[in-house]
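This report concerns only the one structure given below.
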Amino acid sequence: MPEPIPGYHNSLEPFVAAVLFETFLYGLYVILFSASILVILRKKRLEWPLLLTSFVMFALATADIGFTISVLFVKQFKQDLKLNDLRPRYFLCITNNTVANLLTLYRCCHIWHMKKSIVAGTCIFLILTTICGYTTISLAQYVWVSVLINMIFNVVTTGLTAGRLWWLIRVSRAMLGETLITRYKNAAYFVLESGILYTMYILFALASQRLTYVNVLLDTGLVQIFGMIPTWMTVHSAFKTSDFECILSQS
């Protein structure tokens, strides 16, 4: 018989708080997702990669909140939660993060005009990150390694995307004009802000490994955060002063 999970998983209070926290994040995600679909469908040219990844990420986040609630009522209230019971959630977490990484990779490579060295380097990094993620599903104590590598991937792709935008501003200032320069600057700032938010959340989650209540809250919200950040970037593109998706198609 599998051993019960040590630590906070055998305590009801932090788990209930975590479910409430994830439910709150999911409510925000529902609003963001609905807005993002409206933004995508209103574009003159339908971007299928953006539409498909948005639906997949939201579906995985929905499955995760359903699974978490079912674990609470079926297992945790009976004090019968085992490590194997949480493995499907690790799978959802890694899969949603992989889809989000694919969208980030698409945006990064697109703004670099599919430059071979950028495409090859980031694709290899993503493959290694994904393999590491799925490998740690059966090694729960090392899940933090996968989360850390994903954070590094995000930092690298964010730096490449924002750096490319700043380079375009620098070399094309005379041709772009003040209006487009402002839009490129706003897009670069927004890419950095999104990457920083994601990175800070991951860092807090990693730093709180020994803080029972904080750790379970942040861990439970990971799946939602993985989908919310890219979705927020899509919603933000509705603001014409920093239309990131439009800039991608123009660069």
Side-chain angles (χ1 to χ4, degrees), residues 17-69 89 91-108 110-111 126 147 150-151 153-155 157-158 161-162 165 183 186-205 217-249:
V19 171
L20 292 175
F21 177 63
E22 185 176 9
T23 302
F24 169 73
L25 289 179
Y26 181 72
L28 294 178
Y29 194 5
V30 169
I31 297 171
L32 283 174
F33 173 73
S34 302
S36 71
I37 296 303
L38 289 176
V39 170
I40 294 171
L41 294 179
R42 286 177 60 186
K43 291 182 179 293
K44 293 180 180 179
R45 182 171 59 89
L46 186 61
E47 297 187 46
W48 286 104
L50 199 57
L51 184 64
L52 290 175
T53 51
S54 295
F55 270 108
V56 171
M57 287 188 296
F58 183 72
L60 290 168
T62 302
D64 181 71
I65 187 68
F67 177 78
T68 303
I69 292 173
R89 191 172 186 281
F91 177 82
L92 289 171
C93 185
I94 298 300
T95 303
N96 205 21
N97 193 38
T98 300
V99 176
N101 284 343
L102 282 170
L103 183 55
T104 303
L105 180 68
Y106 167 76
R107 285 167 167 157
C108 177
H110 196 119
I111 207 164
L126 178 59
V147 175
N150 273 291
M151 185 193 73
F153 176 84
N154 179 265
V155 169
T157 51
T158 296
T161 305
L165 285 169
R183 291 178 66 182
N186 289 339
Y189 284 134
F190 181 64
V191 170
L192 285 174
E193 289 170 5
S194 301
I196 289 171
L197 283 174
Y198 177 93
T199 302
M200 286 181 63
Y201 190 96
I202 298 300
L203 285 175
F204 281 131
L217 282 173
L218 295 176
D219 277 359
T220 307
L222 278 174
V223 178
Q224 306 301 325
I225 293 296
F226 287 155
M228 287 174 69
I229 297 296
T231 303
W232 165 235
M233 293 184 72
T234 301
V235 174
H236 198 275
S237 71
F239 299 99
K240 298 302 180 182
T241 56
S242 57
D243 188 343
F244 180 63
E245 304 299 340
C246 182
I247 288 172
L248 277 183
S249 62

Enter the distance from [X]:[atom1] to [Y]:[atom2] here, rounded to the nearest 0.5 Å.
| X | Y | atom1 | atom2 | answer |
| --- | --- | --- | --- | --- |
| Thr53 | Ile40 | OG1 | CD1 | 7.0 Å |
| Leu28 | Thr23 | CG | OG1 | 11.0 Å |
| Leu192 | Thr199 | CG | OG1 | 10.0 Å |
| Met228 | Ile31 | CE | CD1 | 9.0 Å |
| Ile225 | Leu197 | CD1 | CG | 8.5 Å |
| Thr157 | Ile111 | OG1 | CD1 | 12.0 Å |

Non-hydrogen side-chain atoms of [X] and [Y] separated by less than 4.5 Å:
| X | Y | result |
| --- | --- | --- |
| Ile37 | Phe58 | no |
| Val191 | Met233 | yes |
| Phe226 | Met57 | no |

Is there a donor-acceptor pair under 3.5 Å between the side chain of [X] and the backbone N or O of [Y]?
| X | Y | answer |
| --- | --- | --- |
| Arg89 | Ile65 | no |
| Gln224 | Ala61 | yes |
| Thr161 | Thr158 | no |

Please report the closest heavy-atom contact between [X] and [Y], naming both atoms and the distance.
| X | Y | result |
| --- | --- | --- |
| Ala162 | Ala188 | CB-O, 4.1 Å |
| Gly195 | Asn154 | O-OD1, 3.5 Å |
| Val235 | Ser36 | CG2-N, 3.6 Å |
| Thr220 | Ala18 | OG1-CB, 3.2 Å |
| Ser194 | Trp232 | OG-CD1, 4.5 Å |

* Asked: Checking side chain to side chain contact (heavy atoms under 4.5 Å, CB included) against Leu50, which of Leu103, Val39, Thr231 comes through?
  -> Leu103
* Asked: Does a donor on one side chain sit under 3.5 Å from an acceptor on the other, for Asp64 and Asn96?
  -> no
* Asked: Under 3.5 Å, is there a donor-acceptor pair between the Thr68 and Glu22 side chains?
  -> yes
* Check whether the ring centres of Tyr26 and Phe33 lie less than 6.0 Å apart, and answer yes or no. => no
